[in-house]
Amino acid sequence: MWAVARPFGWPEAVAAVPAAALVVGTGALHPGAALAETRQLGPVVGFLAAVLVLAKLCDDEGLFRACGAWLARASGARPRRLLLQVFAVAAVTTAVLSLDATIVLLTPVVYATAARLEMKARPHLYACTHLANSASLLLPVSNLTNLLALAASGMAFGKFAAVMALPWLAAIAVEYVAFRRFFAADLPAGATPAAPVPPPADAGAARLPRFALVVVVLTLIGFVVTSAIGVAPAWAAAAGAAVLAVRGLLRGRTGLKPLIRSADIPFLVFVLGLGIVVKAVTVGGLGRALGSVLPDGSGLPALLAVAAIAAVLANVINNLPAVLVLLPLAAPSGPGAVLAVLIGVNIGPNLTYTGSLATLLWRRVLRHHGSGPSVKEFTLLGLLTVPAGLVFATLALWAALSVLGG
């Protein structure tokens, strides 16, 4: 409730830290168990901090301005083509730089691009939040839930990506077909403005930043290499962020305070506090209750049931607590069950605002731009995309596991 309302604009950690202290102080969770949970989440939180800094530095280098200029130029002022391009850019941004980059950095760019082209922005803005969730299935770096699932699955970085590639494509395809149908009235076939699209005022600054792009590619290669040799991928993320940080500091594009703010330390503390609270609730009985309904095995019916339960739980208690509760219960059934949980907690939040913190943040970004979304429209679009996305992504997971093993 605090994460949804954020009273007085205070960060989520203001509620999570006292809550964690309360469950330990009252004996609901042994201090040793709380320390063990913190140690388990520590590398994940460190990785998340490095990726957030990396995304911010890519923005400083002009990567997202270049994306906006390309979208405006390549769309030919055609709404359908722009939607396809937004899907492509949002899916890649989410996969490589995490869903937070799509919400915080790409959404304002898409809003400005649609306004400049005199198009209705709704389909393109909704695409940002839907793909921030459903397109975060591909890589361990795409979502905090993925990092937790990677640890629980026992998979290497490359194997995780290979298995999740087909579910990722299936989820995006379902979203695109649903969007074309749901927003048909907002996506006329012809160009919206009759006049040619003028170049952006900062066209010179919107050139593709090759240095930043090379660093991102090398960082992705580093994720695979470090995972293969048994080193935490957080070191690769930290190295990529360090290279861009040194460049940004030397060129005066950033400072120490903006770098520290981009790591979003209050949110990282919130993740640790939430982990402790969820551990106490799990030990206190929720784990037993869910364990009695969560199916065993990795057959298709079991995977579908696990994904559905995970999606429902994500919308009831948010996807981050849901994944913390479900992963220990699913892990004994093997990587397939763990990845089915991931499908549920990543696609499921597109049904309600409270499903993920990213969706809540997206709503705040739009309200800041004077374009608050409709709860009814958001829910109706979720009803069209989420059930189909869960089914097709889980079918794709089952097929990938059958071919690649695991």
Side-chain angles (χ1 to χ4, degrees), residues 1-4 6 12 15-16 41 44-45 47-48 51 94-95 98-104 128-153 164 167-168 171 175 264 267-268 270-279 281-282 286-287 290 294 306-331 337-364 378-379 381-383 385-387 389-390 393-394 397:
M1 290 175 62
W2 186 282
V4 173
R6 293 194 70 186
E12 297 88 349
L41 290 175
V44 174
V45 169
F47 191 101
L48 177 63
V51 170
T94 298
S98 86
L99 78 170
D100 297 296
T102 300
I103 294 296
V104 177
C128 288
T129 185
H130 268 243
L131 292 179
N133 289 317
S134 57
S136 66
L137 292 170
L138 182 60
L139 301 178
V141 302
S142 307
N143 197 332
L144 178 57
T145 57
N146 297 26
L147 295 173
L148 297 167
L150 178 69
S153 70
M164 294 305 288
W168 180 68
E175 293 279 4
D264 203 350
F267 181 71
L268 303 181
F270 163 72
V271 172
L272 293 174
L274 184 62
I276 292 172
V277 173
V278 170
K279 185 69 174 180
V281 174
T282 303
L286 181 61
L290 289 172
L294 204 68
V306 169
I309 292 170
V312 171
L313 192 63
N315 283 288
V316 172
I317 65 170
N318 190 263
N319 66 341
L320 186 55
V323 80
L324 290 170
V325 171
L326 290 173
L327 286 181
L329 302 175
V338 169
L339 297 180
V341 169
L342 191 62
I343 288 174
V345 298
N346 284 12
I347 296 178
N350 282 333
L351 188 58
T352 65
Y353 282 138
T354 56
S356 74
L357 294 175
T359 306
L360 295 171
L361 182 58
W362 171 81
R363 185 176 62 168
R364 288 203 296 269
F378 188 94
T379 304
L381 181 59
L383 289 172
T385 60
V386 169
L390 289 174
T394 306
L397 171 64

query: Can you find a heavy atom in the side chain of N143 that is under 4.5 Å from one in the side chain of L342?
result: no

Correct closest heavy-atom pair for P328 and V323 would be CD-O, 4.5 Å

Distance col, row L99:CG vs S142:OG, nearest 0.5 angstrom, shows 8.5 Å

Value for NE2 (H130) from OG1 (T359), rounded to nearest 0.5 Å, stands at 8.0 Å

To the nearest 0.5 Å, atom CG of L383 lies from atom CZ of F378 at 10.5 Å

- Output, in order, the C-alpha distance, side-chain angles, deciding distance and verdict of side-chain contact (heavy atoms from CB on, under 4.5 Å) for V325 and V281. CA-CA 9 Å; V325 171; V281 174; 5.9 Å; no

d(F47 CZ, L144 CG) to nearest 0.5 Å is 10.5 Å

Do side-chain atoms of N146 reach the backbone of S136 as a donor and acceptor pair under 3.5 angstrom? yes

Would T385 and N350 count as a side-chain hydrogen bond (donor to acceptor under 3.5 Å, both in side chains) here? Give the steps. CA-CA 8 Å; T385 60; N350 282 333; 5.2 Å; no

CG (L147) and CG (L41) are apart, to the nearest 0.5 Å, by 10.5 Å

**Request:** Applying side-chain contact (heavy atoms from CB on, under 4.5 Å), run through L327 and V338 and close with a yes or a no.
**Result:** CA-CA 6 Å; L327 286 181; V338 169; 3.7 Å; yes

On a heavy-atom basis, the closest approach of S356 and N133 is OG-OD1, 3.2 Å

In terms of heavy-atom contacts, A95 and V141 come closest through O-CG2, 3.5 Å

- [ ] Begin with the C-alpha distance, continue with both residues' side-chain angles, and end with the deciding distance and a verdict on side-chain contact (heavy atoms from CB on, under 4.5 Å) for T282 and L290.
- [x] CA-CA 9 Å; T282 303; L290 289 172; over 6 Å; no

When every non-hydrogen atom of G348 is compared with those of A311, the smallest separation belongs to CA-CB, 3.9 Å

Taking every heavy atom of L390 against every heavy atom of A307, the minimum-distance pair comes out as CD2-O, 4.3 Å

- [ ] Let me see the working for L139 and M164 under side-chain contact (heavy atoms from CB on, under 4.5 Å), right down to the final yes or no.
- [x] CA-CA 8 Å; L139 301 178; M164 294 305 288; over 6 Å; no

Between G382 and P387, the two heavy atoms sitting closest are O-CD, 3.7 Å

From the list T94, T102, D100, side-chain contact (heavy atoms from CB on, under 4.5 Å) partner of S98 resolves to D100

From the list L329, L148, V306, N346, side-chain contact (heavy atoms from CB on, under 4.5 Å) partner of V341 resolves to V306

Distance col, row L324:CG vs I317:CD1, nearest 0.5 angstrom, shows 8.5 Å

